[in-house]
Engineer: 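Below is the structure I would like to discuss, written out as structure tokens.
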Amino acid sequence: MGKGLPKRSEDYSQWYNELVKRADLAENSAVRGCMVIKPYGYSIWEKMQATLDRMFKETGHSNAYFPLFIPKSYMSREAAHVEGFAKECAVVTHYRLKNDASGKNVIVDPDAKLEEELIIRPTSETLIWNTYKNWIQSYRDLPLLLNQWANVVRWEMRTRLFLRTAEFLWQEGHTAHATRKEAMDETLKILGIYSEFAEKHMAIPVLKGIKSESEKFAGAVDTYCIEALMQDGKALQAGTSHFLGQNFARAFDVKFATKDGDLEYVWGTSWGVSTRLIGALIMAHSDDDGLILPPNLAPIQIVIIPIYRNDEEFNRVTEKAVKIRTSLQSRGYSVHFDNRDTYKPGWKFAEYELKGVPVRLALGPKDLDQDTIEVVRRDLREKEIINMDQLEGKIESLMPDIHRTIYLKALKFREEHTFQADTYEEFRELLDTKGGFVYAHWDGSAETEALIKDKTKATIRLIPLDIEKEVGKCILTGKPSNQRVLFAKAY
RNA sequence: CGGGGAAUAGCGCAGUCCGGCAGCGCGCUACGUUCGGGACGUAGAGGUCCGGGGUUCAAAUCCCCGUUCCCCGACCA
């Protein structure tokens with residue numbers, strides 16, 4: 001194992017793969033396409049969970065848990081839905097193993113075939129709506145606002161740690177409402193939560209919009225999304241919120257009695273973010289020396305490195321370091337004092353840079369004599385020696401400043417990589433030379449969209465929600481268009 | 001599913017062409033010197049050379065069969 005990471009400029013995806021492993025976030029597992037999320041990586045997920053869970057609860061949602069297995073017949077109830085997921089479903093066919101004739105190998109017992117095969121959930125709409133049918137009879141049972149934290153399986157051919165794995169962790173919200181408007185409001189409310197989370201906690205600027213017909217969730221009427229731009233100029237969908245209309249209510253016959261005594265189908269939404277967000281976090285901010293984590297999600301926000309030459313110095317430094325740790329912890333920071341004697345300071349500096357710890361404090365004999373401490377911020381690598389009594393104030397201003405700085409850096413990058421194209425040649429040129437987001441006119445047809453994707457690998461990431469209408473001509477067909485849509489190559 | 005590559009110590013690899021003691025770097029263990037930007041010395045531990053079969057006095061190396069993984073495409077959160 002070499003010391004440095006591959007350079008982003010030379011091989012972005014190799015840089016990403018190496019970084020995920022070297023920073024101890026995750027590794028490949030014995031099962032193809034699946035990952036082991038290591039403690040440091042999982043800790044980031046736990047922080048994401050904690051914040052999102054609080055945001056969901058604050059907006060009236062409750063958590064529940066539905067099974068991993070879905071009866072095969074449920075999948076076919078909603079036609080578009082089965083179409084969308086059929087090609088990537090893992091199926092349970094048997095429920096027992098036994099020894100083979102030699103007694104050495106375990107085989108599937110052919111006598112233990114399931115009556116009805118079970119699908120491992122690729123998402124839970126079908127099972128949940130089948131359950132909602134029993135829970136909802138009257139308008140008084142609505143709205144039903146549930147979320148679940150779960151794993152799902154989508155049998156992908158090509159996988160990458162966090163970005164696309166056969167099994168991944170996520171949350172899926174499933175709500176039921178009495179009116180179309182209420183369900184639509186819910187869809188947009190969640191989109192707002194996702195976008196706020198991305199910007200205020202992940203420090204990633206995102207664009208909100210609606211998916212084209214061919215990019216939307218199978219079974220939804222409309223899919224809303226947030227899209228972020230990664231440092232290699234590729235877009236990444238960071239969250240989706242679906243307006244399901246009455247599609248699943250019809251498929252699973254979920255009706256409710258209105259105040260007037262009429263029977264109507266329930267309106268639904270579903271929405272989710274996954275461990276893919278960790279991939280977004282890595283690719284949005286990190287550099288050639290390692291991760292750069294926003295303070296709100298960093299498992300360790302502050303690390304203290306002791307500098308010493310002998311036991312006497314170590315003891316003096318430790319005494320002071322422990323006091324600093326306690327004081328910062330009491331202010332709510334997560335602080336790690338790395339007192340291992342088995343690694344040198346220089347090694348530790350590099351290690352915590354690799355792991356993206358936002359603030360590093362170094363404390364040595366000179367500091368004790370002069371009542372100072374060295375403060376280094378990971379994002380800008382600025383090193384400062386300050387008086388000890390300024391430390392708490394310094395940390396207090398540093399944390400939000402780091403957040404702001406990396407957010408603005410990501411925003412600047414996005415702005416510098418967002419273009420408008422008015423002709424196909426221009427469009428092509430931008431994608432080939434600069435990458436990034438390109439606003440262009442599109443005639444609204446799935447055929448044109450597919451053709452553009454075929455020729456350029458770029459897809460419509462979203463149809464912007466709050467953009468001025470503008471009459472123009474489709475870059476490919478020249479047919480009329482009344483709004484630009486956002487194109488990019490995407491993960 | 002199509003095309004290409006690989007499998008040798010915990011990790012990264014050499015050795016394979018041309019058969020002849022199982023190697024290198026990192027990591028690991030012990031001791032000593034070090035410690036303000038990835039220290040150094042000395043001594044050690046660690047192997048089903050992917051699996052099975054064949055050729056041979058002798059196979060990591062040659063032949064046959066099988067398995068797994070990676071990369072590039074098509075498909076996808």
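Quick note: numbers below take in every heavy atom, side chains included, and nothing from hydrogens, waters or symmetry partners. Letters A, B, ... are given to chains in the order of the sequence lines, protein chains preceding strands, and every chain is numbered from 1.
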Engineer: Rounding to the closest angstrom, what is the interatomic distance between B:U67 and B:A74 at atom C1'?
Structural biologist: 25 Å

Engineer: Of the options B:G38, B:A77, B:C35, whose atoms approach the side-chain atoms of A:Trp347 most closely?
Structural biologist: B:G38

Engineer: Can you see if the side chain of A:Lys457 gets near the phosphate of B:C75 - specifically, an N or O under 4.0 Å from OP1 or OP2?
Structural biologist: no

Engineer: Of the nucleotides B:G36, B:A74, B:A77, which has the atom closest to the A:Ile307 side chain?
Structural biologist: B:G36

Engineer: For B:U55, give its Watson-Crick or G-U wobble partner with both distances under 3.5 Å, or none.
Structural biologist: none

Engineer: On the 0 to 90° scale, with breaks at 30° and 60°, tag the A:Phe66-A:Tyr132 ring pair as parallel, tilted or perpendicular.
Structural biologist: perpendicular

Engineer: Decide whether A:Trp149 and A:Asp53 meet the rule of one side-chain donor and one side-chain acceptor closer than 3.5 Å.
Structural biologist: yes

Engineer: Which atom names give the shortest non-hydrogen contact between A:Leu291 and A:Ser286, and what distance separates them?
Structural biologist: CA-OG, 3.2 Å

Engineer: Distance check, C1' atoms only: B:G54 and B:G73, in whole angstrom units.
Structural biologist: 37 Å

Engineer: Between B:A58 and B:G53, how far apart are the P atoms? Round to whole Å, please.
Structural biologist: 16 Å

Engineer: Identify whether any heavy atom of A:Gln237 sits under 4.0 Å from a base atom; if not, whether one sits that close to sugar-phosphate; answer base, sugar-phosphate or nothing.
Structural biologist: sugar-phosphate

Engineer: Anything under 30° is parallel, anything over 60° is perpendicular, the rest tilted; go ahead and classify A:Phe168 against A:Trp170.
Structural biologist: perpendicular

Engineer: Across all strands, who's sitting opposite B:C1 as a Watson-Crick or G-U wobble pair, both distances under 3.5 Å?
Structural biologist: B:G73

Engineer: Which nucleotide in the list B:A39, B:C1, B:A77 gets nearest to the side chain of A:Lys344?
Structural biologist: B:A39

Engineer: Should B:C26 form a Watson-Crick or G-U wobble pair with both distances under 3.5 Å, which nucleotide is its partner?
Structural biologist: B:G10

Engineer: Of all the choices, B:C75, B:A77, B:G37, which nucleotide is nearest to the side chain of A:Phe349 once you look at every atom?
Structural biologist: B:G37

Engineer: Given that A:Ala350 and A:Tyr491 both sit by RNA chain B, which one's nearest nucleotide is further toward the 5' end?
Structural biologist: A:Ala350

Engineer: When all nucleic acid strands are considered with a 4.0 Å heavy-atom cut-off, which category describes A:Thr165: base, sugar-phosphate, or nothing?
Structural biologist: base

Engineer: Given B:C35, B:G38, B:A77, identify the nucleotide with an atom nearest to the side chain of A:Arg22.
Structural biologist: B:G38

Engineer: State which of B:A39, B:C75, B:G38 makes the closest approach to the side chain of A:Lys87.
Structural biologist: B:C75

Engineer: Side chain of A:Arg276 only, please: which of B:A74, B:C28, B:A77 is the nearest?
Structural biologist: B:A77

Engineer: Categorize A:Leu163 for me: base, sugar-phosphate, or nothing, with a 4.0 angstrom heavy-atom threshold over every strand shown.
Structural biologist: base

Engineer: Write down the partner of B:G46 under the Watson-Crick or G-U wobble criteria, each distance required to be under 3.5 Å.
Structural biologist: none

Engineer: Hey, can you tell me if A:Tyr352 and A:His336 have their rings parallel, tilted or perpendicular (30° and 60° cut-offs)?
Structural biologist: tilted

Engineer: Considering only atom P, compute the distance from B:G66 to B:C13 and round it to an integer number of Å.
Structural biologist: 27 Å

Engineer: Quick one: label A:Lys348 by what it contacts on the DNA or RNA (base, sugar-phosphate, nothing), any heavy atom closer than 4.0 Å.
Structural biologist: nothing

Engineer: For B:U61, which nucleotide in any strand shown is its Watson-Crick or wobble partner with both distances under 3.5 Å?
Structural biologist: none

Engineer: Quickly work out the A:Leu462 CG to B:A77 P distance and round it to whole Å.
Structural biologist: 15 Å

Engineer: Could you state the atom-to-atom distance from CG of A:Asp454 to C1' of B:G73 in whole Å?
Structural biologist: 13 Å

Engineer: Could you tell me how far apart A:Trp155 (CH2) and B:C75 (C1') are, to the nearest whole angstrom?
Structural biologist: 16 Å

Engineer: Among B:G36, B:A77, B:A74, find the nucleotide with the atom closest to the side chain of A:Pro365.
Structural biologist: B:G36

Engineer: Between B:C71 and B:C35, how far is it from one C1' atom to the other, in whole Å?
Structural biologist: 43 Å

Engineer: Base, sugar-phosphate alone, or nothing: which one does A:Asp367 contact when heavy atoms must sit under 4.0 Å apart?
Structural biologist: base

Engineer: Once you round it to whole Å, what is the distance between P of B:C71 and CE of A:Met157?
Structural biologist: 13 Å

Engineer: So, is the end of the A:Arg360 side chain (NZ or CZ) under 6.0 Å from the ring centre of A:Phe349 and within 45° of the ring's axis?
Structural biologist: yes

Engineer: Are any of the side-chain nitrogens in A:Arg377 or A:Asp379 under 4.0 Å away from the carboxylate oxygens of its partner?
Structural biologist: yes

Engineer: How many Å lie between OH on A:Tyr352 and P on B:G38, as a whole number?
Structural biologist: 17 Å

Engineer: Could you identify the nucleotide paired to B:G38, looking across every strand shown and requiring Watson-Crick or G-U wobble geometry with both distances under 3.5 Å?
Structural biologist: none

Engineer: Write down the distance separating the C1' atoms in B:C21 and B:G15, rounded off to the nearest Å.
Structural biologist: 14 Å

Engineer: Choose from B:G37, B:A77, B:C35 the nucleotide whose nearest atom is closest to any side-chain atom of A:Lys383.
Structural biologist: B:G37

Engineer: Please measure how far the C1' atom in B:A14 lies from the corresponding atom in B:U33, and state the result in whole Å.
Structural biologist: 34 Å

Engineer: Whole angstroms only, please: what is the CD-C1' distance between A:Glu313 and B:U34?
Structural biologist: 13 Å

Engineer: Supply the atom-to-atom distance A:Tyr308 OH to A:Asp341 CG, rounded to the nearest 0.5 angstrom.
Structural biologist: 3.5 Å

Engineer: Between B:A77 atom P and A:Leu169 atom CG, what is the distance in whole Å?
Structural biologist: 18 Å

Engineer: I want to confirm an ordering. Mapping A:Ile373 and A:Ala490 to their closest nucleotides on RNA chain B, which one lands closer to the 5' end?
Structural biologist: A:Ile373

Engineer: Please give the distance between the C1' atoms of B:C28 and B:A45 as a whole number of Å.
Structural biologist: 8 Å

Engineer: In terms of side-chain geometry, is the basic nitrogen of A:Glu18 or A:Lys21 positioned less than 4.0 Å from the acidic oxygen of its partner?
Structural biologist: no

Engineer: Need the pair for B:G19. Rule: Watson-Crick or G-U wobble, both distances under 3.5 Å, any strand; none if unpaired.
Structural biologist: none

Engineer: Could one point to a donor on the side chain of A:Arg381 or the base of B:G37 with an acceptor on the other under 3.5 Å away?
Structural biologist: no

Engineer: Report the distance from atom CZ of A:Arg309 to atom P of B:U33, rounded to the nearest whole Å.
Structural biologist: 15 Å

